[in-house]
Structures are given as C-alpha cells and as structure tokens.
*Asks:* 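Submitted below is the structure of interest, expressed as structure tokens.
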Amino acid sequence: MSSSSRLTVLVGIVALTIWVFTLKTLGRILSFVGIRLFVLDAEILLREVERKYGRKISLAENPVWINGLRFVVSRANEECPDPLVFGRWMRRVDLIDSVLKPLVHVEAALIRNPAIVDIPVTRPVFITGTGRNGSTLLQSLMACYHNVRHLTLSDGYEPVPLDESREFDLQWRHQRDCRWADKLSVSQSALYDLRVYSHMLSPDVPEECTFLLSKYLFWGQLYTFDGPYGGVSWSLSHPEFTHKAYEMFKRDLQLFLYYDQNIAGPASVPSCRFVLKCIFHTPFHYVIRQVFPDAVIIRVHRDPVEVTASHCSLLRGIHKGFPTRIDDNFEKIGEVSLKWVTMCCKQMTSEGRDSGLLDVRYLDLMADPLGVCARIANAVGLEHDSDVEQKLISHLEKNPKHKHGVHMYSPTDYGLNPTHIRRDLTKYCEMFDV
C-alpha cells in the first residue's frame with residue numbers, strides 16, 4: 001500500500017470511528033423519544049438504486065429473489081432494534097454495495113454483450129469445507145500458479161463499469177481495485193480485531209465467492225445475523241432458485257473471462273482456470289457438479305472442535321462491526337457455529353471419498369504447504385515448476401502464521417463441550433483422519 005493510501009486509510013479510520021460513535025449516541029437519544037433512523041425497506045432500496053443508476057434490476061421481477069430481499073431487510077430491522085442505529089446503517093450500505101449495485105452493473109453488461117454466455121468456464125477449482133480450515137491460505141497459494149484466475153474484492157462490488165466506454169480500460173480496473181481495497185480496509189481496520197481474519201483486504205489478494213453469490217442468495221447478509229448456517233438457510237429452503245443462482249454465478253465468471261479476453265487477448269481465455277473459494281459452497285457440491293460438470297472440488301478438513309471455536313471467535317468479531325442482538329450472547333454464537341460445522345461434516349461424511357473430490361488435511365497443509373500444493377497441482381492439471389515454487393515460498397515468507405498476532409479461542413467460552421463435539425462427529429473425524 002502506498003504512503004498516500006495509508007494516509008487515506010488512517011483518515012478514514014478516524015472519520016469512521018467518529019461516525020460510529022455519533023450514530024450510536026444519536027440512536028440512544030432518538031430511541032428514547034420514539035424516533036427511528038435507517039429503518040430498511042426493500043422497495044425503497046430498489047427505487048433508490050434505480051434513481052441513482054437509471055436502470056431497474058430485472059431480477060427484482062423474480063418473486064423468489066424479491067421475497068429473499070424482503071426477508072433479509074426484515075431480519076436487519078429485527079436484529080438491529082433501537083438503539084442499534086449503526087447496525088441498520090451498516091446493513092443498508094452493505095445491501096446497496098454488495099447486492100443491488102453489482103446487479104445493476106452485471107445486467108447492463110449482459111445486455112451490451114449477449115455473447116458472453118458462450119464463453120466456456122473450463123475445469124474451475126472450488127475450495128470448500130467447514131471454513132476456518134486453512135482454505136484462505138490454500139487459495140492464496142493456488143493463485144501463484146500459471147494461468148490461474150482468482151476473484152478480487154472489486155469483482156464482487158463493482159464487476160464492470162456502467163460507462164460502456166471504460167469496459168476495456170485496464171487503468172480503470174486497477175483504480176477500481178485499489179479504491180475498493182482502500183475503502184474496505186478502513187472498515188476492517190476500524191471495526192475488527194485483525195487477529196481473527198485470515199487475510200487483509202488488498203487489490204492483489206484472492207477473494208472469496210461470497211460477494212458474487214450474495215447478489216443472488218444473500219449469503220453474506222444472512223451470515224451477519226445467524227452465523228454460517230444462517231447464511232445458507234434461505235438457499236437450502238429454495239433449492240430450485242439456488243441452482244438458478246449458480247447459473248447466474250457462472251455467467252459472472254464468463255463476464256470476467258470476456259473482459260480478460262478483450263484486455264489481455266483471446267489467448268488468455270482458453271487456458272485460464274478459476275480457483276474459487278467459499279465456505280458456503282459446501283452444502284451445494286451437487287449443484288456445482290450440475291452447473292460445472294468438469295469442476296474440481298477440494299475439501300479441506302480440520303478438527304471440528306478447533307473449527308467450531310474459530311467460527312465462534314470470527315462471528316463474535318464480525319458482530320463487533322455489525323452490532324446485533326446476538327452481539328454478547330456467547331451461547332447463541334456457539335449454537336449457530338456448531339450447527340454449521342455439524343451440517344458440513346455430516347454432509348462430507350455422506351459424500352465419502354468420492355473420486356471427483358480431492359481431500360486435504362489442515363495439518364498437512366500447515367506442515368508441508370509446498371508438498372500439498374504440488375499434489376493438488378498434479379491432480380487438477382496445473383504446472384508446478386520452479387517459478388511457481390519460488391512464488392509459493394515468497395508468499396509463505398511474507399505471510400507467516402499469526403502475522404497479525406495470535407488468535408486465541410476456546411469452545412468452552414461459548415458453552416460448547418469439546419468431548420461432545422468429537423463424539424457427535426466421530427465418523428467424520430475417523431474418515432478424514434482429523
């Protein structure tokens with residue numbers, strides 16, 4: 001990050017801190033006299049986006065999606081009662097920035113370039129599992145390979161410019177990446193304990209698929225209310241729309257390849273492989289295989305006791321930034337985190353050691369990251385040469401474990417019994433040797 005960017009982030013942190021304090025204080029005062037601020041309404045948000053960008057969101061005509069948006073909005077108002085005005089304001093910003101505005105961008109680009117849907121997405125790699133399992137490290141290491149395409153932070157927030165004349169402007173894309181990284185780094189640095197997070201926000205760091213699929217399935221928004229299981233609860237109850245959402249997600253990937261082709265040249269597209277990562281993919285392995293028949297799914301396995309405790313700590317940290325009623329309810333955080341880990345472990349157990357799935361142990365990844373990467377590269381068809389090896393070593397040296405401090409957590413802090421967790425997930429632990 002340049003010195004000017006550091007200054008921008010520092011100024012932003014100070015400004016955001018003052019804004020947070022002001023909103024919290026104002027919320028307490030106004031709630032005392034019965035006045036509410038930032039009460040969310042789905043239709044009002046849609047009209048605001050239409051007025052700002054001069055375009056309606058066509059997906060809003062889908063009754064399942066619009067009811068999903070209404071559900072998220074009602075949960076935001078419910079989980080952020082007065083005086084949690086700041087929580088509602090944060091969710092309003094999040095819904096516009098990560099759901100509604102990107103939809104406007106993508107739909108406009110598809111109208112301009114209908115041939116995008118004919119571009120093949122060849123053998124994408126999906127990194128899944130319970131989360132808090134080393135998957136972020138693995139994704140960053142896989143990004144060191146030749147002809148690999150990962151998602152960036154801005155791919156989710158601002159995938160394409162609304163201005164058609166800037167569609168293939170490489171400078172605009174770089175400025176976009178830096179702008180979003182600086183903007184979101186302010187929030188991350190001001191609101192969260194960096195020891196809890198696996199990576200800092202940067203224009204060059206591989207990002208998760210959560211931002212892309214949240215446009216359709218609201219994963220990120222629901223996660224902040226009910227933890228990881230809550231993040232997929234709506235998707236699980238709407239399987240047909242979830243399949244449609246993955247098809248739209250594929251369309252997003254085709255859109256990125258289209259822009260890459262027009263900027264870097266057609267030769268960059270046929271050999272390019274996406275390496276994608278998101279914990280919320282795990283319940284939908286079957287959908288991934290339907291939409292991407294040649295996909296490679298890598299499941300990363302870790303001791304479920306450690307995973308659950310780490311999820312609790314992460315969710316607790318996120319609620320510090322997105323305050324809700326769950327904020328200080330440690331037992332509730334433990335309950336929703338364990339529900340997610342249990343569901344994922346039991347599903348992966350039922351899948352067994354399928355030949356179409358590649359399994360990686362967290363302990364092996366930590367002990368021998370280069371060896372694990374070489375094994376994966378051989379299995380998925382990526383070239384592991386001396387240049388890649390040097391990039392892997394360089395990444396590991398620049399990003400040692402506990403780079404931002406030791407992340408301490410215990411399941412007992414959240415009312416969880418480690419013995420009971422292992423007992424209930426014995427079959428998973430034995431099958432995958434964790």
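For the single chain, residues carry numbers from 1 onward in sequence order.
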*Asks:* Salt-bridged, Lys250 to Glu247, with N to O below 4.0 Å?
*Replies:*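 Between Glu247 and Lys250 there is no salt bridge, as every charged N stays at least 4.0 Å from the carboxylate O atoms.
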*Asks:* Pick out which of Thr122, Val121, Ile116 makes a side-chain contact (heavy atoms from CB on, under 4.5 Å) with Leu257.
*Replies:*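 Looking at Thr122, Val121, Ile116, the match for Leu257 under the side-chain contact (heavy atoms from CB on, under 4.5 Å) is Val121.
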*Asks:* Distance-only, no hydrogens or angles: does the Ser233 side chain make a donor-acceptor pair with backbone N or O of Gly230 under 3.5 Å?
*Replies:*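 Yes: the side chain of Ser233 pairs with the backbone of Gly230.
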*Asks:* Find the distance between CD (Gln254) and CG (Leu110) and round it off to the nearest 0.5 Å.
*Replies:*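 Going from the CD atom of Gln254 to the CG atom of Leu110 covers 9.0 Å.
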*Asks:* Is the ring pair Trp234/Phe241 parallel, tilted or perpendicular, if the boundaries are 30 and 60 degrees?
*Replies:*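 Trp234 vs Phe241 ring planes: perpendicular.
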*Asks:* Inspect the surroundings of NZ in Lys339 and state if more than 12 heavy atoms from other residues, nucleotides or ligands are less than 6.0 Å away.
*Replies:*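 No.
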*Asks:* Parallel, tilted or perpendicular for His281 and Trp219, by the 30°/60° rule?
*Replies:*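 Ring orientation, 0 to 90° scale: perpendicular.
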*Asks:* For Lys215 and Ser98, does a side-chain donor sit closer than 3.5 Å to a side-chain acceptor?
*Replies:*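 No - no donor-acceptor pair under 3.5 Å links their side chains.
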*Asks:* Could you walk me through whether Tyr259 and Val160 pass the side-chain contact (heavy atoms from CB on, under 4.5 Å) check?
*Replies:* CA-CA 9 Å; Tyr259 285 109; Val160 293; 2.9 Å; yes
*Asks:* How far does CD1 of Ile421 sit from OG1 of Thr426, to the nearest 0.5 angstrom?
*Replies:*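 Reported to 0.5 Å precision, the distance equals 11.5 Å.
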*Asks:* If you count heavy atoms of other groups shown closer than 6.0 angstrom to NZ of Lys244, is the number above 12?
*Replies:*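 No, because the 6.0 Å sphere around NZ of Lys244 holds 12 heavy atoms or fewer from other groups.
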*Asks:* With sequence neighbours excluded, give me every ring pair (Phe, Tyr, Trp, His ring centres under 6.0 Å) pair touching residues 355-398.
*Replies:*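 For residues 355-398: Tyr145-His384.
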*Asks:* Between Asp303 and Arg422, is the salt bridge (charged side-chain N to carboxylate O under 4.0 Å, His left out) condition met? List the steps.
*Replies:* CA-CA 8 Å; Asp303 181 346; Arg422 286 199 181 90; 2.8 Å; yes
*Asks:* For Ser235, run the side-chain contact (heavy atoms from CB on, under 4.5 Å) check against Thr242, Val287, Leu222 and tell me which one passes.
*Replies:*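 Of all the options given, the one that passes is Thr242.
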*Asks:* Side chain to side chain donor-acceptor pair (under 3.5 Å) with Arg251: which residues, sequence neighbours excluded?
*Replies:*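 With neighbours one apart ignored, the set is Tyr216.
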*Asks:* Is the backbone of Tyr258 close enough, under 3.5 Å, to the side chain of Asn262 for a donor and an acceptor to pair up by distance?
*Replies:*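 Side chain of Asn262 to backbone of Tyr258, a donor-acceptor pair under 3.5 Å: yes, one is there.
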*Asks:* Between CD1 of Ile297 and CD1 of Ile127, what distance do you get to the nearest 0.5 Å?
*Replies:*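 Nearest 0.5 Å value for the CD1-CD1 distance: 12.0 Å.
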*Asks:* Test of understanding: with side chain to side chain donor-acceptor pair (under 3.5 Å), list the residues that count as partners of Arg289, not counting sequence neighbours.
*Replies:*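 Partners of Arg289 by the side chain to side chain donor-acceptor pair (under 3.5 Å) criterion, ordered by chain and then number, come out as Asp354.
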*Asks:* Whether the Glu208 and Ser135 side chains hold a donor-acceptor pair (N or O, under 3.5 Å, no angle test) is what I'd like checked.
*Replies:*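 Their side chains do not contain a donor-acceptor pair, so the 3.5 Å distance test is not met.
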*Asks:* Is there a donor in the side chain of Tyr414 and an acceptor in the side chain of Glu331, or the other way round, less than 3.5 Å apart?
*Replies:*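 Short answer, no.
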*Asks:* Scan side-chain atoms only and decide if Asn147 and Glu383 contain a donor-acceptor pair under the 3.5 Å cut-off.
*Replies:*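 No, Glu383 and Asn147 have no side-chain donor paired with an acceptor closer than 3.5 Å.
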*Asks:* Going from CG on Asp155 to CG on Leu255, what distance comes out if it is rounded to the nearest 0.5 angstrom?
*Replies:*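 Answer for the CG-CG pair, Asp155 versus Leu255, is 9.0 Å.
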*Asks:* Any donor and acceptor pair, going by atom type alone, linking the side chain of Asn378 with main-chain N or O of Ala374 inside 3.5 Å?
*Replies:*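 Side chain of Asn378 to backbone of Ala374: no pair is present.
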*Asks:* What pair of heavy atoms forms the shortest contact from Leu45 to Leu100, and how long is it?
*Replies:*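 For Leu45 versus Leu100, the nearest heavy atoms are CB-CD1, 3.8 Å.
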*Asks:* Testing the basics here: between Ala295 and Ile288, what is the closest heavy-atom pair and its distance to 0.1 Å?
*Replies:*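 Shortest heavy-atom separation between Ala295 and Ile288 comes out as CB-CG2, 4.0 Å.
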*Asks:* Which heavy atom in Arg132 sits nearest to a heavy atom in Ser310, and how many Å separate them?
*Replies:*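 So the minimum-distance heavy-atom pair works out to NE-OG, 2.9 Å.
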*Asks:* For Phe284 and Tyr246, take the angle between the two ring planes, folded into 0 to 90°, and tell me which bin it lands in: parallel under 30, tilted 30 to 60, perpendicular over 60.
*Replies:*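 Because their plane-to-plane angle lies in the 30° to 60° range, the rings of Phe284 and Tyr246 count as tilted.
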*Asks:* Run the side-chain hydrogen bond (donor to acceptor under 3.5 Å, both in side chains) test on Thr152 and Glu207 for me, step by step, so that the C-alpha distance in whole Å, both residues' side-chain angles and the decisive distance to 0.1 Å come before the verdict.
*Replies:* CA-CA 5 Å; Thr152 66; Glu207 197 46 71; over 6 Å; no
*Asks:* Shortest non-hydrogen contact from Tyr428 to Arg302?
*Replies:*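 Result for this residue pair: OH-N, 3.9 Å.
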*Asks:* Checking ring-ring contact (aromatic ring centres under 6.0 Å, His included) against Phe211, which of Tyr223, Phe280, Tyr157, Phe249 comes through?
*Replies:*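 Filter result, single survivor: Tyr157.
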*Asks:* Please walk me through it: do His301 and Asp359 pass side-chain hydrogen bond (donor to acceptor under 3.5 Å, both in side chains)?
*Replies:* CA-CA 7 Å; His301 304 285; Asp359 294 302; 2.7 Å; yes
*Asks:* List the atom of Thr130, the atom of Cys344, and the distance in Å for their closest heavy-atom pair.
*Replies:*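 Nearest heavy atoms, Thr130 then Cys344: CG2-CB, 3.9 Å.
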